[in-house]
S.K.: 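Shown below is the structure under consideration.
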Amino acid sequence: MIVTTKKLFESAYGKYAIGAYNVNNLEQIIGLFRGNLESKAPFVIQISKGARSYTHETMLEGLITSADKIFPESVFAVHLDHGDEETCYKCINSGFYSSVMIDASHESFEKNVEITKRVVDAAHAKGLVVEAELGMLGGVEEHVKVDEANAKLTDPVQAEEFVRLTGVDSLACAIGTSHGAFKFSGSQGLHFEVLEQIQKLMPGFPLVMHGSSSVPQEEVARINAAGGDIKGAKGVNEDEFMKAATLGVTKVNIDTDGRLVWTRVHREFFRDKPSEFDLRPIGKVFMAEYAKFIAHKNEKLGSAGHLDEVRKLVS
Ligand code: G3H
Ligand code: 13P
Ligand code: ZN
């Protein structure tokens with residue numbers, strides 16, 4: 001069942017966070033639904049602009065619609081990740097998405113407000129909800145590239161003003177994370193004080209944490225042992241998700257960790273079976289490993305076990 005992120009956040013706020021997972025293909029989608037059902041968790045399925053064009057947006061829509069039929073007990077939101085204004089309107093008008101993210105965080109505060117407000121008005125008119133971003137994460141997004149030195153933590157007072165002026169439904173805050181596998185070069189960590197201040201100013205308002213992959217060192221080591229060359233990768237401590245959740249983070253975005261699962265599974269499989277050339281045996285291994293990974297994340301996020309209660313709330 002497709003619901004808005006707003007509905008999911010109502011049940012989660014202050015208690016746990018919903019996992020928001022990026023998908024690009026069939027195997028990821030099947031693994032995602034299985035993992036969420038196995039751990040009995042509601043979830044957000046995220047589609048980036050790059051994912052929409054990797055195969056075709058209609059293909060992804062078809063796969064997700066089919067998964068919804070194959071796994072009818074699932075409760076999830078379909079969300080555009082890091083949208084520009086044009087892609088937001090396409091998704092709003094598609095009739096398929098329940099939520100969009102407008103990312104104008106690279107613009108001035110005034111311009112970010114102006115663009116976000118336009119998207120919020122268009123989305124709300126069609127029953128969709130909107131996530132926006134204030135502050136700047138480091139790392140690489142599709143239309144935004146920011147190096148560590150230029151990343152900017154969210155200003156809590158500005159955040160309150162931004163939400164008031166735009167009417168946005170949730171806010172992605174920069175609290176020290178960045179996208180990709182190389183988040184922290186030293187001993188930096190999450191800036192909980194930013195979340196605390198925002199929660200004081202806007203109690204009950206849902207916050208989103210991007211760049212939340214934990215880049216498990218064991219996963220990186222296995223990839224490198226199987227021929228990979230990923231050095232110095234470091235991510236977010238997943239034991240900190242629950243603290244973030246109590247401070248108002250209701251959605252935690254994870255993409256890179258799923259890519260690492262894909263890389264490890266494929267490198268090890270073909271290293272161990274050099275004569276293999278059928279795509280289905282490896283596809284099966286990946287779907288099973290991806291499902292396991294999702295279930296593990298949901299345990300760390302605290303969303304595991306909440307599916308029945310959320311289904312009652314939304315039906
Ligand atoms: O934040 C970006 C997400 O990880 C999506 O990545 O734009 O390469 O699909 P992508
Ligand atoms: P990671 O690169 O840490 O997985 O972050 C993904 C993300 O924020 C998607 O919007
Ligand atoms: Zn992101």
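Along the sequence shown, the residues carry numbers beginning at 1. Just so you know, ligand 1 is whichever comes first in the structure, and atom 1 is the first atom listed for that ligand.
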S.K.: Could you label the plane-to-plane angle of the Phe293 and Tyr21 rings as parallel, tilted or perpendicular, counting under 30° as parallel and over 60° as perpendicular?
M.R.: perpendicular
S.K.: Heavy-atom contacts under 4.0 Å between Arg259 and ligand 1: side chain, backbone, both, or neither?
M.R.: side chain
S.K.: Under 4.0 Å from a heavy atom of Ile254: give me the atoms of ligand 2 that qualify, with their elements.
M.R.: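 In order of number, 4 (O).
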S.K.: What orientation do His306 and Tyr16 show, parallel under 30°, tilted 30 to 60°, or perpendicular over 60°?
M.R.: parallel
S.K.: Quick one: does Gly180 get an N or O within less than 3.5 Å of an N or O on ligand 2?
M.R.: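 N/O-N/O distance under 3.5 Å: yes.
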S.K.: Under 6.0 Å from the six-membered ring centre of Phe269 and within 45° of its axis: does the NZ or CZ of Lys273 meet both?
M.R.: yes
S.K.: Quick one: which ligand 2 atoms are inside 4.0 Å of a heavy atom on His210?
M.R.: 8 (O), 10 (O)
S.K.: If we set the cut-off at 4.0 Å for heavy atoms, which region of Thr256 has an atom near ligand 1: side chain, backbone, both, or neither?
M.R.: neither
S.K.: Write the atom name of the N, O or S atom in His210 that is nearest the Zn ion (ligand 3).
M.R.: ND1
S.K.: Have a look at Glu131, Lys251, His179 and point out the one with the heavy atom closest to atom 7 (C) of ligand 2.
M.R.: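 Looking at heavy atoms only, the winner is His179.
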S.K.: Would you call Arg259 a ligand 2 contact, heavy-atom distance under 4.0 Å?
M.R.: no
S.K.: With backbone taken as N, CA, C and O and side chain as the heavy atoms from C-beta onward, which portion of Asn24 lies under 4.0 Å from ligand 1: side chain, backbone, both, or neither?
M.R.: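 It is neither; nothing of Asn24 touches ligand 1.
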S.K.: Give the atoms of ligand 2, by number and element, whose distance to some non-hydrogen atom of Lys183 is under 4.0 Å.
M.R.: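 Within the 4.0 Å cut-off of Lys183, ligand 2 contributes 1 (P), 2 (O), 3 (O).
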S.K.: Looking only at protein heavy atoms, which one is nearest to atom 9 (C) of ligand 2, and what is the separation?
M.R.: Asp81 OD2, 3.1 Å
S.K.: Aromatic rings Phe286 and His266: how do their planes relate, parallel, tilted or perpendicular, breaks at 30° and 60°?
M.R.: tilted
S.K.: Indicate, as side chain, backbone, both or neither, the part of His82 found under 4.0 angstrom from ligand 1 when only non-hydrogen atoms are considered.
M.R.: side chain
S.K.: Could you name the option among Ala172, Gly258, Gly211, Ala20 that has the heavy atom nearest to atom 5 (O) of ligand 2?
M.R.: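 Comparing heavy atoms across Ala172, Gly258, Gly211, Ala20, the nearest one to atom 5 (O) of ligand 2 lies in Gly211.
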S.K.: May I ask you to check if ligand 1 and Ser48 share an N or O to N or O distance below 3.5 Å?
M.R.: yes
